[in-house]
4 protein chains.
Amino acid sequence: MSMVCLSDFEAYARKYLPKIAWDYFAAGADDCTTRDENILAYKRIRFRPRMLRDVSVMDIRTKILGSEISFPVGIAPTGFHQLAWPDGEKSTARAARAMDTCYIASTYSTCTLEEISAAAPGGLRWFQLYIHRNRAASQQLVRRAEALGFQGLVLTADLPYTGKRRDDVRNGFRLPPHMKVKNLEGAFEVCKMSLTFHSLRWHVPHERKTTGLDPSVTWNDIYWLRSLTRLPIIIKGILTREDAELAVKHGVQGIIVSNHGGRQLDEGPATIDALVEVVEAVRGRAEVYVDGGIRKGSDVLKALALGAKCVFIGRPALWGLAYKGEEGLQDVLRILQDEFRLSMALAGCASVSEIGQHLVQFSRL
Amino acid sequence: MSMVCLSDFEAYARKYLPKIAWDYFAAGADDCTTRDENILAYKRIRFRPRMLRDVSVMDIRTKILGSEISFPVGIAPTGFHQLAWPDGEKSTARAARAMDTCYIASTYSTCTLEEISAAAPGGLRWFQLYIHRNRAASQQLVRRAEALGFQGLVLTADLPYTGKRRDDVRNGFRLPPHMKVKNLEGAFEVCKMSLTFHSLRWHVPHERKTTGLDPSVTWNDIYWLRSLTRLPIIIKGILTREDAELAVKHGVQGIIVSNHGGRQLDEGPATIDALVEVVEAVRGRAEVYVDGGIRKGSDVLKALALGAKCVFIGRPALWGLAYKGEEGLQDVLRILQDEFRLSMALAGCASVSEIGQHLVQFSRL
Amino acid sequence: MSMVCLSDFEAYARKYLPKIAWDYFAAGADDCTTRDENILAYKRIRFRPRMLRDVSVMDIRTKILGSEISFPVGIAPTGFHQLAWPDGEKSTARAARAMDTCYIASTYSTCTLEEISAAAPGGLRWFQLYIHRNRAASQQLVRRAEALGFQGLVLTADLPYTGKRRDDVRNGFRLPPHMKVKNLEGAFEVCKMSLTFHSLRWHVPHERKTTGLDPSVTWNDIYWLRSLTRLPIIIKGILTREDAELAVKHGVQGIIVSNHGGRQLDEGPATIDALVEVVEAVRGRAEVYVDGGIRKGSDVLKALALGAKCVFIGRPALWGLAYKGEEGLQDVLRILQDEFRLSMALAGCASVSEIGQHLVQFSRL
Amino acid sequence: MSMVCLSDFEAYARKYLPKIAWDYFAAGADDCTTRDENILAYKRIRFRPRMLRDVSVMDIRTKILGSEISFPVGIAPTGFHQLAWPDGEKSTARAARAMDTCYIASTYSTCTLEEISAAAPGGLRWFQLYIHRNRAASQQLVRRAEALGFQGLVLTADLPYTGKRRDDVRNGFRLPPHMKVKNLEGAFEVCKMSLTFHSLRWHVPHERKTTGLDPSVTWNDIYWLRSLTRLPIIIKGILTREDAELAVKHGVQGIIVSNHGGRQLDEGPATIDALVEVVEAVRGRAEVYVDGGIRKGSDVLKALALGAKCVFIGRPALWGLAYKGEEGLQDVLRILQDEFRLSMALAGCASVSEIGQHLVQFSRL
């Protein structure tokens, strides 16, 4: 099997992962419209490539919140990496460090933050946080992450309850017995519940006892988080100019335009479409990133042209892991890197700083 | 078979109903364009979900014409429920009451109004009326409904003649001998004709003798209806601002934006598209509801965001009946309820009163 | 086989006609884009149906150039009816008379004008004319038609050369030996050539010797035609406001908006789209008709709503002939008539005079 | 097999060419979106055909940079014609001369410029140039071309690096041992590298050693080219008004709007869409041509209506070669010529000078 582009890794993962794991990673909410729109929306954006520029020396490095990365693609937070590869998040951390980019470790990792740190010392990592009803547990996670050298705190804002992913309900998805959400282990009893999904009604918001996450979180909790840590706070899951404005007002350093890979509210906007209005509202007062639907280096170029400072990949990283663990994820990142560099050159940009909105237009279709 | 979403019930019904019954329920007029557009039009509406709102306590109750229901989804009037389940409309009535919502019983029920009432005493029910050439028969129906405690009178405005549903013509659709349109039995001879469909020309409006319905009904007949009953009058089948204005002017209390499930004039507007202009024209002078194309809880949220007070489901209710009678219909309603609540939460609304047009936008596609 | 709608007749004809005949009738130019667009364009038009109008008495009669017809659907000129049914145009004439509508007989009929007249005395008929290099031959045809009681002269304007219909080239289409273009027989030698199609280059305009039609015809030839006959002149094949204006200026009585069933220049406008601009340009100074893509009674209603006085059907008439000759064509017309009447009623119109542009809107899609 | 239209030749080539050759010719970059859009974009343009014009005498000749050609279709530069037919570019040159049109010979020919010239003395030919790191080599090529009577110099501007064509990577595409890029043979060592593609990373711009082309070329190099030759300079690969303006400013005589057949940056504009803005920017100060997506004579007519002076065909020429070498390419050109003449006539134009923007409109779809 020749691994030429990201869809080759997708095909591999679909073929070799256990169905229940593939389904979990692939799942979108309801009709999966938003999951698929994330990809389709990129195709509606057309380049306006410029010719005869000197692109003999290409510089694709960039900085996010002051840290340099080798190219503007990081690893989005996704859960349960052991479902894709035995070493789980340790492999992810190693691949990200090898490729000199940022890895956002999920609360729902199957390795502890300590294991992740030990696996790839010195790598640039951010920690993704859900706020639990048990605030002490969340506080403890934040402090562990900061102590371990994580350099950013990513608050996921779009999951007061879990979206309805039909295949997970059909499969009765749960982690295999030998995997655990290790970061939460022992920390609080209630959260075991949140990882056990029951039949038809598992997704129902009014059955409060089944989830450890706190659906009462509001913008004021940003202040609470701020009081816990000196780390920059990045908010993930923003899709409107109104919320972008609120995020800036509450002092976040970064915003990840995200719809959770189309796994939460179906039929919201594609992230690349939402990016435009968020960037416009933020007016440079915070860094804006985007995830969802990135499948080619040219998608990265489009996102940057529309104002993203960096993109994050979710499922493609898992496909890379499923292919060959750390090495497979490096392959995925390297392909994206090569494609991004080539797209830049063919569009007439020799460095990231030359990328701008003049490079793209929305197709009439 | 795992019943996770409404299309699972559809698949069940398609598989287990007799073909002639499935075809009758599924039928759309002519090319079925409008039937299908009802669904597709929802997909062209995108949410603008808001984050970090306190959605820990969800309130999804609403009121229609002063009566509280558990969530803004009622049962639209459809005929011949015994084709789906032996107990027919009695099961429908029981399920609606169990789920604490409104059931609009059809003139073309296979149980009498009396049987329906007795099956679920105390349930909130409206009665759907066609005006017959024999006005005395219609008058008698209205009085029976009022006496039995029905709380609203729904006048169907879009069926001066029956639409051309090709499969019904091909199948020579008629009720099996053991089923009857009981509400009309004995009341007038002519209406037997209306339920016997003949070959090619059954749908032809100029063959007056074949139908008991009165194609000469006009807006003035609203006054006649008003003279018969103190029940609120809801008009069903309005698709334009002009007719919405006329409905208000003639004093109706409610309007159901409907195209009869795409079974009458093909290639009219999808109901969710028509809703916008009707709501705008009505300017709060009557309650506006919508039916057609509701397949997910998020569709309900979209309809409410665009100004509907409540939606009504037609075919999905029949699929529920076909699955397990009263219990199956409850399953359908419960799934919609759970999905609606979850969609609200994920869009950032804790109560129905927070739903508004800011939540949606029409897609460029 | 149950004949419920026009596509049933299409399916029949595709199945039972010889392939070479089916292909000839079905053919569109080049990629057949315009042929198919003629149909698709109707689907982009949405009705705005009005409710509660008295539609108990329906009047669907109309007049074209002063002659009353039973409903606004006539038979467009198409060639070689014997390919569809042994009696050819004689059956067509009988069916049109039986249904009390207008039949436009083609120059390329396989019966003579005399045979057509004799088959259905008293029927309303127009004669379709191509202008030949041999003007005397054309003049003779006009005079024969007028003498035989044809009541209109339809000049086809869009065939200076024959369009490139790939299947006809592949099939080496020619009439079977026992069929003849009888109207032209003996009249002039050159025209035999025009009916013999050779291999690859048959369609090439610069090979003048292969066609009897005159590609040098201009608007001034309308004056010449006018000098030959007192019959009203209808011009067929107009697609732009500019040409509509010229047609009116040159004194035609009627315009048929037509793209020759998509058989001439591919990728011109669908006729229903072109109708709008032609009607606007004509401003009532001539009657405007349309052909192409009519497949349902509601298509007729749309065409009338957009300003057509009458529509003409081409291929559906041939399918009817292929099904059962005169009787089959009557079936087709009767279905269209019933569907048209029903559509009118369901849209809230009791007579043709109530049909107007308010009934339709162009879909956003 | 009946060769009626260009897709017949495509089907033939797909069937009979070795897979690696077919894939190489067919390849588009990445998802092949732009390659396919080149074709689809033509379908979104609708004609506004005019009737009753005298089209008895058709004149389809035109001039490009002062040289008359038999119709406005030339042969675009494509590489490796021996992959399609043993005689390679010699056959191409002969066919172009036979059809009295212009052939742009590629740097990457498998025959030398001298062989090409000798094969068809007196034919109108331009030479396509890539600028190599080894400027002396490029200079030598220009001088050879000029000496051999080539009448134009086409600088390809859109290939600082080769686009990522997945199938070529998968196939490990390279020329068979018996074929050579003869024009470059011996001229410089480094360019052998550029024709040997290695595994996954062959396309990576920063691996400079693998390509002989110079990615540092800028607009100033036009002045350098100008200093080498008196031939008119045509720049190929322009897609924006900004670059069109720069091209004019740097004194080019012609611009070919091209996206390299969708083989370079995927998801740029279709060439026919880009043509409009380029023509507008150029305002007649240079001739504008277009390639990509031409499949029918009517596509040529559309391109001319939108301002192109001439179009060039790439893949269809290769299909013609693959079919029957020189003779097959003549067939392709003759079909295009016949179709173009017929389209003009059916649109109401008797000569190229009558073609204008009034003939087309962009479809709403």
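Not measured: the values here are computed from a predicted model. Throughout, a chain's letter reflects where its sequence line sits, starting with A, and its residues are numbered from 1.
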Problem set entry | Engaged part of C/Ile45 at the chain B interface, taking heavy atoms whose separation is under 4.5 Å | backbone
Problem set entry | Taking every non-hydrogen atom, the tightest pair across C/Pro49 and B/Leu239 | CG-CD1, 3.7 Å
For this session: Check C/Ser2 against B/Arg170 and note the closest heavy-atom contact, atom names and distance.
Result: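 Closest pair (atom of C/Ser2, atom of B/Arg170, distance): OG-CG, 4.0 Å.
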For this session: Heavy atoms only, distances under 4.5 angstrom: which of C/Leu301, C/Leu346, C/Asp8 has the most pairs with chain B? Name it, please.
Result: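 Heavy-atom pair counts peak at C/Leu346.
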Residue pair [X] / [Y], side-chain heavy-atom distance below 4.5 Å:
X: B/Glu267; Y: C/Lys302; value: yes
X: C/Val55; Y: B/Tyr161; value: yes
X: B/Ser216; Y: C/Arg53; value: no
X: C/Arg50; Y: B/Ile238; value: no
X: C/Leu52; Y: B/Ile235; value: yes
X: C/Val4; Y: B/Arg165; value: no
X: C/Ser343; Y: B/Leu265; value: yes

Exercise. Step by step, would you call C/Met51 with B/Glu242 a side-chain contact (heavy atoms from CB on, under 4.5 Å)?
Worked result: CA-CA 10 Å; C/Met51 302 300 146; B/Glu242 296 89 334; over 6 Å; no
Exercise. Which distance, rounded to the nearest 0.5 Å, do you find between the CG of B/Asp266 and the CZ of C/Arg46?
Worked result: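 With rounding to 0.5 Å, CG (B/Asp266) is 8.0 Å from CZ (C/Arg46).
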For this session: Mind running salt bridge (Lys or Arg N to Asp or Glu O under 4.0 Å) on C/Lys43 and B/Asp31 for me, showing each step along the way?
Result: CA-CA 10 Å; C/Lys43 297 196 182 298; B/Asp31 289 332; 2.8 Å; yes
